[in-house]
2 protein chains.
Amino acid sequence: MEVRGQAVRVAGHGTPEPADNQHRTYVGSIRTMSVTVSATLAMNEALAEQRRRGVPVLPTGFGEAGLPVHPTMREVLAAGSDRNAYGPVAGSHELHVAAAGYWERRGLPTDPGLVVAGPGSKPLLYSLLLSVGGDVAIASPSWVSYAAQARLAGHHPLLVPTPPAQGGIPEPDLLAAAVADARAAGRDVRAVIVTTPDNPTGTVASRETVARLSHVACELDLVIISDEIYRDLVHDPQTRVHSPAEYAPERTVVSTGLSKSLALGGWRLGVARLPDSELGRRLRADMLGVASEIWSSPAGPVQHAAAYAFAEPTDVAEYVARSRRLHGIVARAVTDRFVAAGAMVAAPQAAFYLYPDFDAWRSRLATEHGVHSGSELSQLLLHTHAMGVLPAAEFGENDTALRVRVATSMLYGDTDAQRYSALVADDPTALPWIRGHLDRLDEILADITGKPVPSGAQSSAAVCSRAG
Amino acid sequence: MEVRGQAVRVAGHGTPEPADNQHRTYVGSIRTMSVTVSATLAMNEALAEQRRRGVPVLPTGFGEAGLPVHPTMREVLAAGSDRNAYGPVAGSHELHVAAAGYWERRGLPTDPGLVVAGPGSKPLLYSLLLSVGGDVAIASPSWVSYAAQARLAGHHPLLVPTPPAQGGIPEPDLLAAAVADARAAGRDVRAVIVTTPDNPTGTVASRETVARLSHVACELDLVIISDEIYRDLVHDPQTRVHSPAEYAPERTVVSTGLSKSLALGGWRLGVARLPDSELGRRLRADMLGVASEIWSSPAGPVQHAAAYAFAEPTDVAEYVARSRRLHGIVARAVTDRFVAAGAMVAAPQAAFYLYPDFDAWRSRLATEHGVHSGSELSQLLLHTHAMGVLPAAEFGENDTALRVRVATSMLYGDTDAQRYSALVADDPTALPWIRGHLDRLDEILADITGKPVPSGAQSSAAVCSRAG
């Protein structure tokens, strides 16, 4: 019921409640923190129930790369199955060297000794937030776990809007103002998280924006945490992803993992690149202290396979190139449907997400469907149309926004055979099961908007920018 | 540099420091929490350096089951290598059913829907402590991560001594008094952790002690967290392990994993059994909320292999029986050396630990070696004798105690071939590499105590009880 890229709301946090020395009655009174796994779970259960009833489901809720494991990766995992020692908390030297090479090839020279591996980039981010030890500025919208993790770590997220069509990066001037205000109010803001390429918008921030963000973070003395897990999934290989580590190398932590580019979310492997500075070494030591108490080390066989993958042999590189192409084609095809229906949506440039805005139909949605919020819109799509999406509120935006995240990577098929076909097809959108999903989307949008969608392919040129 | 069963000291915790709105200078001033990975890392590095210099090392510091992966487990992991979906946060249904069967066969009927799997039992314990949301009573001595995790979660450990020779269980009357005092002082104590069989002492608490502990926990309205990861490693298969879940089923959470009985620490797989009660269902929901934000799910291929293992097919059961026998023989042989040298030590009944007390040589250690504490004793053993042990202070005891934990499971050999030989040998202590370690131990003890140890096998009958 949960994937990276999905929404799980955490209502409580890890700080102690006020002490209470009154005697309490038995079990029923034991107070626990209120953490709920809400939106995603409810969505998954509703979709599963509809599927059981034979309703055709449009699975655009999950942020999971719906592709099979590359056969070589299966072999390498099997070869590493003798790795049963706990090993170093930070992961194996072999993996650190491979990850350092991966970053070097992307213009980020890396000391293997400053790489930390974990069971997914999610626990690495959590240990970072605990290690940084203060409030953290994040983009609005942004992946929901950033805010939830900050609260779990006992801190507060500071939500900052992004520039238009450049998701994942708090707009630098707004960031400066928000941090100044928060500090004036006594808050201890110590870090900023950026996501490039972005989830939920699928956009890639420009060089200028990344540079300005980095400059502002320096001025504000903020640690920059740059989540670059979608870096290799830019649709156009010519699109350059810029990292704050290029502009503020002394204070930028970069994270990535195998979950997206190799569709290995279920294998749980992430890596973090700590800055080559006193800060970086201190954060690394603190992260390892946290990691040693929470997860010990990533699974040994998976580390072995990850070392192979990060060295980027030809077969792995080809798989990533193929999946990048597929993600791009399908994400653009889905975006075209929304554009044709009249939605505002930033053209996705990476990953398998888009973030359309239904504001144009606000009054129709209210009068025809009783929908006044993004949450209500998601519920309408879920219960009336068996379409899974996550509303803007799950990404830290106000629920009045009629925006939803549409994930396109589960449209590739229900079986590994279908998914392989999608991966190698010249035109995956011509495959009957993907075509069927696109047609179904047209029908749903026609029903929501009240105007029939013109059939046939749409032009990406019609895509508009969305104000952040 | 870290294993479950090893010591990592955490100096800070996850709660926010006081807000500070003064502007700070650049990177150097970013304050991070102080978490250090200290004793174990230092020990490992010193031992590695000695090994490089050709010094014969006595590796009794690590709590890792030093055995090879069972070949069938390697095959099952390979067969599960297609599992790349994130899957449910709690783990797969297949794994829940297998774990429920495992507990049923041990007298604990289990609803598969109340099983939660994680990447090791360590993260499960952490998520439990966050979910319980208050201070926690733990045994002194006990596995160091309990206290460290409580602090990371923003709470405080309450250390309670154990009954003599019954490690892992806070003495029930002392627990009642300590919790009453703590509550009177305004502390919000909500849980007690027990370990049976125990690390660091290798002992197994009696039925009466477990029943009394359960009764007191009920009276105090405490959640009981029962870490039973060593349950299948009792040396004598007739030794019955009693769980608080038998006596306080409505409030007891049981955890276990593959790390010890199958020597799969590096695969990272643990399971928790939540009580079938309102409390259990609330804790489960809270744990999943935490888990979804910190680690998502255990690695899919490992879950697949774990489902196989928890079903306990004949080959797995035979491996566990073999390893239990080996652990018992070697732990007893090592214990015999300490007893012959005159140390006080509770006879280990399970796992691969003993916890000898050098108090008899306190004055000699002070005058001859300048040793006045358990830490100094560990340092003497490490630097003078290349023997790794962890001092009592790492398990929450006062450093004045001249007790150390000796782990015996890394004595089985340096290669898989040696370890297999140990597993199948009628008398593993006759294997030259194990015999060599035992002889080396005799020499070290002779040097420490100043009296030559009689050569030849010692009688276990000489083992004394240690006051808790």
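Atoms considered below: every heavy atom in the structure, side chains included; atoms not considered: hydrogens, waters and symmetry mates. Convention: sequence-line order gives letters A, B, ...; per-chain numbering from 1.
Among the candidates G300(A), G80(A), P275(A), P301(A), the residue making the largest number of heavy-atom pairs closer than 4.5 Å to chain B is P301(A). In terms of heavy-atom pairs under 4.5 Å with chain A, the best-connected choice from G120(B), A85(B), P71(B) is A85(B). Ranking A263(B), P119(B), G270(B), A291(B) against chain A, the residue ahead of the rest is A263(B), based on heavy-atom pairs under 4.5 Å. The candidate with the highest count of non-hydrogen atom pairs below 4.5 Å against chain B, out of I294(A), L124(A), V69(A), D135(A), is I294(A).
Taking CG of N84(B) as the start and CG of D416(A) as the end, the distance is 7.5 Å to the nearest 0.5 Å. Note that CE of M73(A) and OG of S81(B) are 10.0 Å apart. Values are rounded to the nearest 0.5 Å. Note that CG of L264(B) and OH of Y86(A) are 9.5 Å apart. Values are rounded to the nearest 0.5 Å.
Scanning all heavy atoms of the two residues, the minimum distance from G87(B) to E64(A) falls at N-OE1, 4.5 Å. Nearest heavy atoms, W267(B) versus A299(A): O-CB, 3.6 Å. Minimum interatomic distance between Q149(B) and E293(A) (heavy atoms only, all atoms of both residues): NE2-O, 2.7 Å. Listed here is the closest heavy atom pair of R74(A) and A78(B): NH2-O, 3.7 Å.
Only the backbone of R83(B) comes within less than 4.5 Å of a heavy atom in chain A; its side chain stays farther off. Heavy atoms closer than 4.5 Å to chain A are found in the backbone of A79(B), but not in its side chain. Contact of L67(B) with chain A is made through the backbone alone, with heavy-atom distances under 4.5 Å.
Looking at R268(B) and P298(A), their side chains never come closer than 4.5 Å, going by heavy atoms from C-beta outward.
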